[in-house]
Student: 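Supplied in structure tokens, the structure appears directly below.
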Amino acid sequence: MSTSNGDCSNAMPATSSDHDSVIAATPASFADASTICKTPDAGSAEEPSTHNGSVASTSAEGATASETNANGTLATTADTNSNNPPADANSNKPRPSETPRANRTDGKTEKLTSLRSQIALEMNNEFVECSVEVFLKHYLPFEPSEVAVEECILRLLGKDPAPTNDAIEGCPSVQQAAEPLRRSARLKTLHKPVYNEEEPILSEIILEETTASLRFTDYMERPSKQEAVEKTLFAPLKSIADAVGGYSETCDGRTRNSFQYLNCQDTIISSDIRGSNNKIDACFSNGGSDLHTKYIVVPIEQKISGANRDSNNRQVVSANVQIMNDDVRRMFTYGMTFEGDEATLWYHCRSHSAISKQFSFVENPKLLVKVFLSFLFATDEELGYNPDVTLVEGKKRQYTFKIPSSDGKSAKFYRTVKVLSEYRSNNISGRMARVWLVDQVDSEGNKIGPQCILKDVWLAVNALTEKEIQTAIFADIEKYCHPDKPDYNLASDPPEDSPQAALNAIKMRNAELVKSGEYKQYFLEIESDHAGKPSKDVLEGCTPVTGLFQNADANRIASLNENSIRPVGSTGLSKTRQPSIRTYTPRKQYRVIFKEVCQPVGDLPTLGKVLDVIQQTLIPLSLLYCAGWVHRDISSGNILAHEVGSVLRAKLSDLEYAKKFPLPEDHEGNVDPKTGTPFFMPVEIMRNSYLHTKARNHNKVISLVGNLKEAILRHHTQDNQTTNGKPTATPVVYNFQHDLESLWWVLVWSLTARVDHQPSRMWANDIFQHDDVLTSARLNFLRPYRGDPDEHVEDLQRIMLPSISVLSYLVDALRDAMDIDYSKRESGNMLRDPLSYAIIVNLFHFAFQTLQNSLDYLKSIPLLPSAPVDGPNSVQPVDVTTAPGAPSVSVAPSLIPSRKRPNPNTGQTAPSESFQPGPVDEDVEATLERQRSKRIKTQDDPNAGGGSNAGGNAAPGNSTTGRRSKSGTRSKTGRS
């Protein structure tokens with residue numbers, strides 16, 4: 001059969017001379033398909049010369065006969081469950097709790113084929129397997145009715161459907177044709193219609209002289225792997241699909257869609273993102289010869305033998321990973337694989353993936369007809385396209401989003417201007433957060449409002465949305481922090497240094513903000529939001545399946561170089577725990593519009609601005625504390641700066657992981673997943689155990705200036721709280737101090753990694769890793785020192801830029817205070833007591849207050865951008881290039897979650913006067929020690945000794961629009 005009408009330009013046409021005149025059927029004309037049919041001569045058992053022999057037989061778990069006779073025969077009126085409605089994917093049964101977030105890695109710009117082992121590793125636990133009939137009912141776009149399938153099959157036989165169950169001359173009755181298939185070694189044609197002059201798509205055969213069944217005319221026997229050629233073996237599937245799509249103008253009242261089956265053997269899928277070099281063998285697409293991800297709805301992989309199933313699986317999954325990454329409109333996608341005559345159906349969404357058991361399309365042609373009908377008569381939405389997202393004509397990856405109102409009676413429209421945060425995920429399942437700068441437009445596309453931020457993310461179906469969480473937080477702030485409300489509850493005359501006094505101070509300091517409502521300016525203003533339909537549920541009878549990708553772990557090791565690292569992001573794993581049980585919680589697509597266009601603190605250009613915004617962030621954090629909420633993901637990308645005139649206002653974003661604290665008594669901490677960005681994740685969360693440090697010698701605490709030391713000593717030598725017994729080895733639950741520790745890590749990162757000073761940046765590379773497994777360097781930096789604390793402070797001070805090294809005292813004082821508080825609270829078994837956190841919350845405010853007189857001076861200290869504007873985890877069109885002559889700039893160690901970045905300054909000119917490279921064979925520590933006595937302690941000229949070209953990966957432009965982190969999902973408005 002010819003494939004020229006539906007093939008890509010480089011596809012090989014079928015070689016059978018009997019099929020040169022096949023015409024692709026269109027929705028407008030069934031005659032094109034029906035007039036090409038004829039049956040083989042009576043008694044003939046010979047198949048077309050291009051399809052020889054057989055492959056290995058169907059496995060015992062192969063094609064299970066469905067309740068609607070999915071054994072390849074015509075259905076009868078006796079089919080018992082053909083009228084049963086499909087299972088409800090959106091049932092109201094209780095949902096399991098949210099699955100702990102799995103590891104996600106960013107493909108960056110690597111070629112997709114080189115990432116297949118990583119994709120296989122990450123997707124290995126995402127699948128459920130089901131019978132063919134369950135897949136047809138639950139996962140296919142729609143399940144065609146038995147009437148439609150019977151009509152299509154009869155037309156493929158070259159006949160009009162019989163009006164009754166009585167046989168007529170030259171055409172068997174439905175009941176006759178529906179006799180069950182019995183395998184036999186001998187085939188015999190049942191009849192030969194005299195009115196057709198060409199070969200039909202389907203033929204009826206007699207097995208053992210008594211039983212009638214169906215075969216595709218081009219697949220009368222199961223093909224042989226010894227003689228078959230892949231291109232010619234599967235080429236007739238094109239003609240089968242065309243005939244199925246052209247059997248009628250409608251199917252169950254649905255009109256024929258624009259998608260066609262294409263043979264495109266070994267053809268690369270084109271994309272608008274980098275690294276896309278995946279090839280497929282066939283697909284359903286509506287792009288003609290343009291094999292682009294935006295047109296493909298069902299990628300298809302084909303192999304002659306079942307021995308190549310692993311290769312097929314990897315290829316079809318990686319093709320769908322590419323489609324779901326590139327095309328923002330997709331909610332889910334499909335796939336098909338063929339190994340000889342064995343076919344498998346695939347489905348992927350953001351909550352899970354599903355595969356059917358294999359079935360033989362040779363022995364069960366009805367199943368393939370039903371599948372093709374579903375794909376060819378489905379709506380775009382049923383094929384995975386979101387109706388609320390449309391491509392802007394003539395633009396690459398520019399979209400218009402429709403945000404319906406809560407009552408559904410109106411809608412707002414937003415057109416993307418540029419991507420602020422996006423990444424090439426190696427796993428289809430997950431949150432897949434994307435953030436854009438957008439223009440508000442009318443329904444015709446005319447700009448009508450100011451620019452704002454749109455965030456698109458997949459949340460657990462029963463998770464609160466960001467707007468719902470923000471509303472609840474505001475209500476609790478009003479309840480507990482408003483001075484006129486009954487729950488304000490200031491303690492009466494508490495001891496000066498008691499937790500009650502600290503809590504009073506926090507509430508009184510923020511009382512006027514709460515009373516006036518101005519506290520809301522420290523959070524993003526939500527203009528509108530919308531939660532879409534949930535993804536499909538996993539039905540009873542669908543079972544988790546692994547092993548679809550052979551040796552996924554071993555292949556991953558071979559595929560990544562020695563600099564590769566563990567995937568970044570939250571995980572249900574720890575060094576001492578088994579993987580959490582995968583529950584496949586359905587997800588809903590959530591879009592939220594923020595009014596303010598902000599800048600992440602990680603991209604602010606000067607140290608003074610960073611410190612100003614960090615200090616302001618203590619206001620919303622203290623309000624969260626008083627209201628009984630923990631943020632759980634403080635990072636350089638979730639702390640934003642909104643510029644109003646010449647004033648920067650801090651805004652705390654990304655509230656979707658915020659939780660009430662303390663959690664219920666029966667909360668299972670060991671299933672509470674790691675939450676946070678690895679750069680700034682609290683140590684206790686990383687290692688999943690409390691520190692339980694020993695008592696410290698408070699007399700050696702190092703203070704920042706003046707009375708800071710005295711304040712710390714006074715607070716922590718009080719015995720106002722009583723202990724409740726020995727510490728217990730309980731699982732770690734995120735608490736208020738963890739938020740403060742994350743803020744402290746943001747401070748340390750800003751003072752070391754973002755300063756154009758080689759020693760501090762090299763030191764930061766050991767502390768800030770793209771990994772949620774705790775390193776010894778990070779642990780040792782936070783844990784209490786065992787020797788003289790003066791030595792530890794001097795270590796930090798000597799690697800910092802001399803002009804800002806005084807800030808090492810701030811870092812150390814806060815670390816010491818946190819250590820004392822951690823130890824006292826945990827040894828006293830007071831973790832669930834909110835009052836026990838009051839002193840450390842108040843102390844952070846007190847410590848940063850000492851910087852007020854220094855901010856003007858620090859404003860002159862420049863900082864490096866945290867990532868290049870088109871960094872590798874930013875998904876950009878493939879034709880985006882660096883402008884000619886664009887200067888190279890040094891960048892801070894990036895939050896991009898992929899391979900470890902080698903130290904950018906190794907072998908480079910020293911970035912400042914405070915450090916000069918030593919001999920080649922001398923390490924940095926030795927060089928620093930040798931030069932220490934010679935160092936001239938003068939204020940560094942930020943433009944001397946290297947300047948912007950002093951090191952770091954060269955990158956165009958600057959980072960002023962958004963940031964990237966945590967599996968590449970950081971942005972101005974929040975993370976993924």
Side-chain angles (χ1 to χ4, degrees), residues 481 491 494-510 614-615 617-632 634 652 661-662 676 680-685 690-693 695-696 698 701-704 707-723 727 732-748 782-784 809-851:
C481 304
E496 181 181 359
D497 302 317
S498 65
Q500 292 85 352
L503 181 59
N504 280 4
I506 297 169
K507 286 188 173 183
M508 290 187 292
R509 189 163 55 241
N510 296 304
I614 289 178
Q615 179 182 353
T617 304
L618 291 169
I619 296 175
L621 280 181
S622 63
L623 289 170
L624 287 179
Y625 164 66
C626 292
W629 287 79
V630 286
H631 185 280
R632 300 173 72 234
I634 299 297
L652 187 59
F661 185 87
F680 314 112
M681 190 181 290
V683 165
E684 290 186 340
I685 299 298
Y690 292 110
L691 293 176
H692 294 307
T693 53
R696 296 274 308 282
H698 295 173
V701 173
I702 305 300
S703 64
L704 172 64
N707 60 352
L708 183 55
K709 173 182 175 180
E710 180 184 351
I712 293 175
L713 289 175
R714 186 171 66 247
H715 282 309
H716 293 287
T717 54
Q718 297 294 324
D719 290 322
N720 295 312
Q721 302 194 47
T722 60
T723 63
V732 174
V733 175
Y734 216 104
N735 60 47
F736 302 114
Q737 188 165 330
H738 291 144
D739 278 346
L740 294 176
E741 184 186 328
S742 290
L743 188 69
W744 178 79
W745 284 116
V746 173
L747 171 66
V748 175
L782 182 71
R783 285 176 67 89
Y809 291 104
L810 173 64
V811 171
D812 182 71
L814 293 175
R815 174 181 52 206
D816 195 79
M818 287 191 297
D819 176 61
I820 295 172
D821 244 45
Y822 274 137
S823 180
K824 187 175 181 65
R825 186 180 304 110
E826 292 160 16
S827 63
N829 198 19
M830 298 179 291
L831 290 166
R832 292 178 49 80
D833 181 9
L835 189 60
S836 70
Y837 299 88
I839 289 178
I840 192 66
V841 172
N842 198 43
L843 184 61
F844 261 69
H845 166 79
F846 176 79
F848 274 92
Q849 278 291 102
T850 63
L851 295 177

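Predicted model only: the values in this text are computed from it and were never measured.
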Student: Mind checking the CG-CD1 spacing from L621 to I614? Nearest 0.5 Å is all I need.
Tutor: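 Reported to 0.5 Å precision, the distance equals 11.0 Å.
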Student: Can K824 and D821 be said to form a salt bridge (charged side-chain N to carboxylate O under 4.0 Å, His left out), step by step?
Tutor: CA-CA 5 Å; K824 187 175 181 65; D821 244 45; over 6 Å; no
Student: With side chains defined as the heavy atoms from C-beta onward, is the minimum distance between I634 and L740 less than 4.5 Å?
Tutor: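 A side-chain contact is absent here, since even the closest heavy-atom pair is not under 4.5 Å.
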Student: Restricting to salt bridge (Lys or Arg N to Asp or Glu O under 4.0 Å), what partner residues turn up for R509, sequence neighbours left out?
Tutor: none
Student: How long is the span from the CD atom in Q500 to the CD1 atom in I839, to the nearest 0.5 Å?
Tutor: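 The CD atom of Q500 sits 8.5 Å away from the CD1 atom of I839.
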Student: Would you say E741 and Y822 are linked by a side-chain donor-acceptor pair, where the criterion is simply a distance under 3.5 Å?
Tutor: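 Yes, side-chain donor-acceptor contact under 3.5 Å.
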Student: Hey, mind stepping through Q849 and Q615 against side chain to side chain contact (heavy atoms under 4.5 Å, CB included) and telling me if it holds?
Tutor: CA-CA 8 Å; Q849 278 291 102; Q615 179 182 353; 2.9 Å; yes
Student: Once rounded to the nearest 0.5 Å, what's the spacing between atom CG of L743 and atom CZ of F844?
Tutor: 6.5 Å
Student: Taking N504 for the side chain and A491 for the main chain, is one N or O donor matched with an acceptor at less than 3.5 Å?
Tutor: yes
Student: Do the side chains of L843 and I840 get nearer than 4.5 Å, heavy atoms only?
Tutor: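 Touching, per the 4.5 Å side-chain cut-off.
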Student: Compare every heavy atom of F661 with every heavy atom of R832, then report the nearest pair and how far apart it is.
Tutor: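 Heavy atoms of R832 and F661 come nearest at CA-CZ, 4.4 Å.
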Student: Are any non-hydrogen side-chain atoms of Y690 and V733 less than 4.5 angstrom apart?
Tutor: yes
Student: May I ask you to test the C626-N510 pair for a side-chain heavy-atom distance under 4.5 Å?
Tutor: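 Not touching, per the 4.5 Å side-chain cut-off.
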Student: Just how far is it from atom NE2 of H631 to atom OH of Y734, taken to the nearest 0.5 Å?
Tutor: 9.0 Å
Student: What I'd like to find out is whether the side chain of E684 reaches to under 4.5 Å of the side chain of E826, using heavy atoms alone.
Tutor: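 Yes, close enough: below the 4.5 Å cut-off.
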Student: Using every non-hydrogen atom in the two residues, find where V841 and S622 come nearest and quote the distance to one decimal.
Tutor: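 Shortest heavy-atom contact: CG1-CB, 4.1 Å.
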Student: Got a second to check how far S823's OG is from M818's CE, nearest 0.5 Å?
Tutor: 13.5 Å
Student: Which heavy-atom pair separates P834 from P662 by the least distance, and what is that distance?
Tutor: CG-CD, 3.8 Å
Student: Hey, are the side chains of L624 and F736 touching, using non-hydrogen atoms and a 4.5 Å cut-off?
Tutor: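 A side-chain contact is absent here, since even the closest heavy-atom pair is not under 4.5 Å.
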Student: Would you mind reporting whether S836 and P499 have side-chain heavy atoms less than 4.5 Å apart?
Tutor: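 They are not in side-chain contact.
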Student: With rounding to the nearest 0.5 angstrom, report the OG1 to NE2 distance, T850 to H845.
Tutor: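 The distance works out to 10.5 Å.
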Student: Measure the shortest side-chain to side-chain distance between L810 and W744 over non-hydrogen atoms and say whether it is less than 4.5 angstrom.
Tutor: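 No, side chains not in contact.
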Student: Is a donor on one side and an acceptor on the other found under 3.5 Å between the side chain of Y625 and the backbone of Q737?
Tutor: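 Looks like no, no N/O pair under 3.5 Å.
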Student: Please assess W629 against D739 for the test side chain to side chain contact (heavy atoms under 4.5 Å, CB included), listing each intermediate value before the final yes or no.
Tutor: CA-CA 10 Å; W629 287 79; D739 278 346; over 6 Å; no
